[in-house]
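In what follows, a single structure is set out as structure tokens and then discussed.
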Amino acid sequence: MPRHNTVPFHRRKSIAAAAAVGVVAVIGAGLVFSDAFAAGPATAAKPVLPKANARFDYQIGAPYAPASGVKVISRDRSAKPAKGLYNICYVNAFQAQPDALGWWQKNHPSLILKDKKNRTVMDKDWGEAVLDTSTTAKRKELAAVVGQWIDGCAKSGFQAVEPDNLDSYERSEGLLTKADNSAFAKLLVQRAHAKGLAIGQKNTAEMLSEHTETGFDFAVAEECAEYDECGSYAKAYNNRVYVIEYEDGGFDKACSRWGKSLSIVQRDVDVTDPGSDDYVFRTC
């Protein structure tokens with residue numbers, strides 16, 4: 001399966017700068033946008049969808065000046081949108097950032113998924129605690145937290161949001177189901193649309209058959225060419241698919257088959273900025 005989460009938690013290196021200008025409220029080591037961001041017009045504007053086959057960059061590791069011709073960009077919610085572009089706001093909605101786990105434990109301990117021995121269920125690859133979407137009450141409480149982040153994305157000027165780790169049920173040790181995460185995703189879709197934001201399905205090809213019911217507007221798909229899934233995403237979302245490939249083979253395959261219809265970028269796995277020796281950015 002594709003990498004369910006794109007980078008380790010060190011992508012949060014912009015936290016201090018964001019707090020310094022008062023854009024966000026820092027909670028422990030994590031981020032939550034202030035309640036003031038929840039206020040908005042009674043009727044939100046209709047979400048504007050990103051254009052298909054637009055040149056795309058994935059900058060959730062660190063923001064930097066986009067390359068010439070880039071039209072669609074994804075950045076972490078702690079970053080500012082790029083002027084003049086279509087900006088997608090990255091939100092880790094289904095798991096807890098490692099540096100924010102203490103905040104969750106203090107403020108919403110019941111939302112951290114626990115096994116039968118009361119141990120925190122972890123995504124071991126990324127060191128992230130899985131959040132509990134198993135009941136209506138927990139989904140509602142969790143949506144109130146993540147909803148503030150979505151509100152903040154809108155306030156900051158993003159046009160869309162991509163909630164990550166939709167597939168966390170696969171790492172829940174059987175304690176969560178696809179239906180649990182789908183029900184939570186619907187709440188996030190409602191919140192985003194209420195704020196005039198489009199919202200993208202992040203990975204999880206297993207949920208494509210219910211994309212209309214869930215309400216997602218487009219898809220952000222990691223390594224869909226590597227895993228022969230791009231066609232399914234393209235069909236579901238009328239080519240509004242923003243593909244990130246990390247390996248040369250996957251990128252070449254994506255461009256050969258889908259380069260004229262989907263938005264495809266190759267990035268380094270840590271999605272670094274151009275100052276890094278590991279930086280990779282290629283489009284078809």
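Nothing fancy with the numbering, it's 1 onward along the sequence.
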Grab the two heavy atoms, one from W104 and one from L142, that are nearest each other, plus how far apart they are. CH2-CD1, 3.5 Å

Please list, chain by chain and in numerical order, all residues satisfying side chain to side chain contact (heavy atoms under 4.5 Å, CB included) with E210, sequence neighbours excluded. K178, S182, M207, E213, T214

Contact between I73 and Y86 at the side-chain level, heavy atoms closer than 4.5 Å - yes or no? no

Measuring from T135:OG1 to F184:CZ, what's the distance to the nearest 0.5 Å? 11.5 Å

Hey, are the side chains of I244 and V220 touching, using non-hydrogen atoms and a 4.5 Å cut-off? yes

Honestly curious: do F216 and V243 fall in one hydrophobic cluster under the side-chain, below-4.5 Å linking rule? yes

Take the angle between the ring planes of Y279 and Y64 and call it parallel below 30°, perpendicular above 60°, tilted in between. perpendicular

With a cut-off of 6.0 Å (strictly less than), are more than 12 heavy atoms of other residues, nucleotides or ligands near NZ of K186? yes

Considering only heavy atoms from C-beta outward, does the side chain of P163 approach that of V146 to under 4.5 Å? no

With hydrophobic residues grouped by side-chain heavy-atom distances under 4.5 Å, do I112 and M122 end up in a single group? no

Say you draw a straight line from CG of D123 to CG of L113; how long is it, rounded to the nearest 0.5 Å? 12.0 Å

Over all heavy atoms of both residues, which pair between I199 and G215 is shortest? Give the atoms and the distance, please. CG2-O, 4.4 Å

Taking it one step at a time, do Y233 and L208 satisfy side-chain contact (heavy atoms from CB on, under 4.5 Å)? CA-CA 7 Å; Y233 284 103; L208 285 172; 3.6 Å; yes

side-chain contact (heavy atoms from CB on, under 4.5 Å) between E226 and Y246, intermediate numbers included: CA-CA 9 Å; E226 188 78 18; Y246 299 107; over 6 Å; no

State, yes or no, whether a side-chain contact exists between F94 and L166 at a heavy-atom distance under 4.5 Å. yes

Is there a side-chain contact between I264 and T283 in this structure, where contact means two heavy atoms from C-beta onward sitting under 4.5 Å apart? no

Working to the nearest 0.5 Å, report the span between SG of C89 and CD of E162. 8.5 Å

Which of parallel (below 30°), tilted (30 to 60°) and perpendicular (above 60°) describes Y58 and F56? tilted

Please name the pair of heavy atoms, one in G157 and one in P81, separated by the smallest distance, quoted to 0.1 Å. C-CG, 3.8 Å

Only one of D180, T204, N181 passes side chain to side chain donor-acceptor pair (under 3.5 Å) with S168; say which it is. N181

Please step through side-chain contact (heavy atoms from CB on, under 4.5 Å) for the pair I88 and R75, ending with a clear verdict. CA-CA 6 Å; I88 302 170; R75 286 181 171 176; over 6 Å; no

Using side-chain contact (heavy atoms from CB on, under 4.5 Å) as the criterion, point out the one residue from Q159, K195, H193 that pairs with P47. H193

Does this structure show an ion pair linking K114 with D132, if we count only N-O contacts that are shorter than 4.0 Å? no

Taken to the nearest 0.5 Å, the spacing of R257 CZ from D228 CG works out to 11.0 Å

Step by step, would you call W258 with C284 a side-chain contact (heavy atoms from CB on, under 4.5 Å)? CA-CA 9 Å; W258 301 105; C284 300; over 6 Å; no

Can R139 and T133 be counted as having a side-chain donor-acceptor contact under 3.5 angstrom? no

Starting from the C-alpha separation in whole Å, work towards a yes-or-no answer on salt bridge (charged side-chain N to carboxylate O under 4.0 Å, His left out) for K202 and D167. CA-CA 9 Å; K202 182 67 173 289; D167 60 350; over 6 Å; no

Quick one: are Q95 and R171 in side-chain contact, heavy atoms under 4.5 Å? yes

Do H211 and Q201 pair up side chain to side chain, a donor and an acceptor below 3.5 Å, judged on atom types alone? no

Under a plain distance cut-off of 3.5 Å, with no hydrogens placed, do Q59 and R267 share a side-chain donor-acceptor pair? no

Looking only at heavy atoms, the pair that brings A192 and V161 closest together is CB-CG1, 3.9 Å

How would you list, by chain and number, every residue that makes a side chain to side chain contact (heavy atoms under 4.5 Å, CB included) with A144, sequence neighbours excluded? none

Return yes if a side-chain donor-acceptor contact under 3.5 Å exists between S78 and D76, otherwise no. yes

Nearest 0.5 Å, what's the CG-CG distance between L197 and D217? 10.0 Å

Side-chain heavy atoms nearer than 4.5 Å, only ILVMFWY residues, links allowed to pass through others: does that put V121 and L176 together? yes

Check whether V269 and V280 end up in the same hydrophobic cluster, where Ile, Leu, Val, Met, Phe, Trp and Tyr are linked by side-chain heavy atoms less than 4.5 Å apart. no

Going by the rule ring-ring contact (aromatic ring centres under 6.0 Å, His included), which residues pair with F218 if we only count those two or more places apart in sequence or in a different chain? Y242

Could you tell me whether the side chains of D164 and Y90 share a donor-acceptor contact shorter than 3.5 Å? yes

Nearest heavy-atom contact between R191 and A143 is NH1-O, 4.0 Å

Look at the side chain of E245 and the backbone N and O of A225, then say whether any donor-acceptor pair between them is shorter than 3.5 Å. yes

V241 side chain near S263 side chain, heavy-atom distance below 4.5 Å: no

May I have the step-by-step check of salt bridge (charged side-chain N to carboxylate O under 4.0 Å, His left out) for R282 and D248, ending in yes or no? CA-CA 10 Å; R282 290 200 297 162; D248 290 344; 3.7 Å; yes

Within a strict 4.5 Å, meaning less than it, do heavy atoms of the H108 and W103 side chains meet? yes

How long is the span from the CG atom in D57 to the NZ atom in K71, to the nearest 0.5 Å? 13.5 Å

Restricting to non-hydrogen atoms, name the atom on T272 and the atom on D278 that form the minimum distance, rounded to 0.1 Å. OG1-C, 3.9 Å

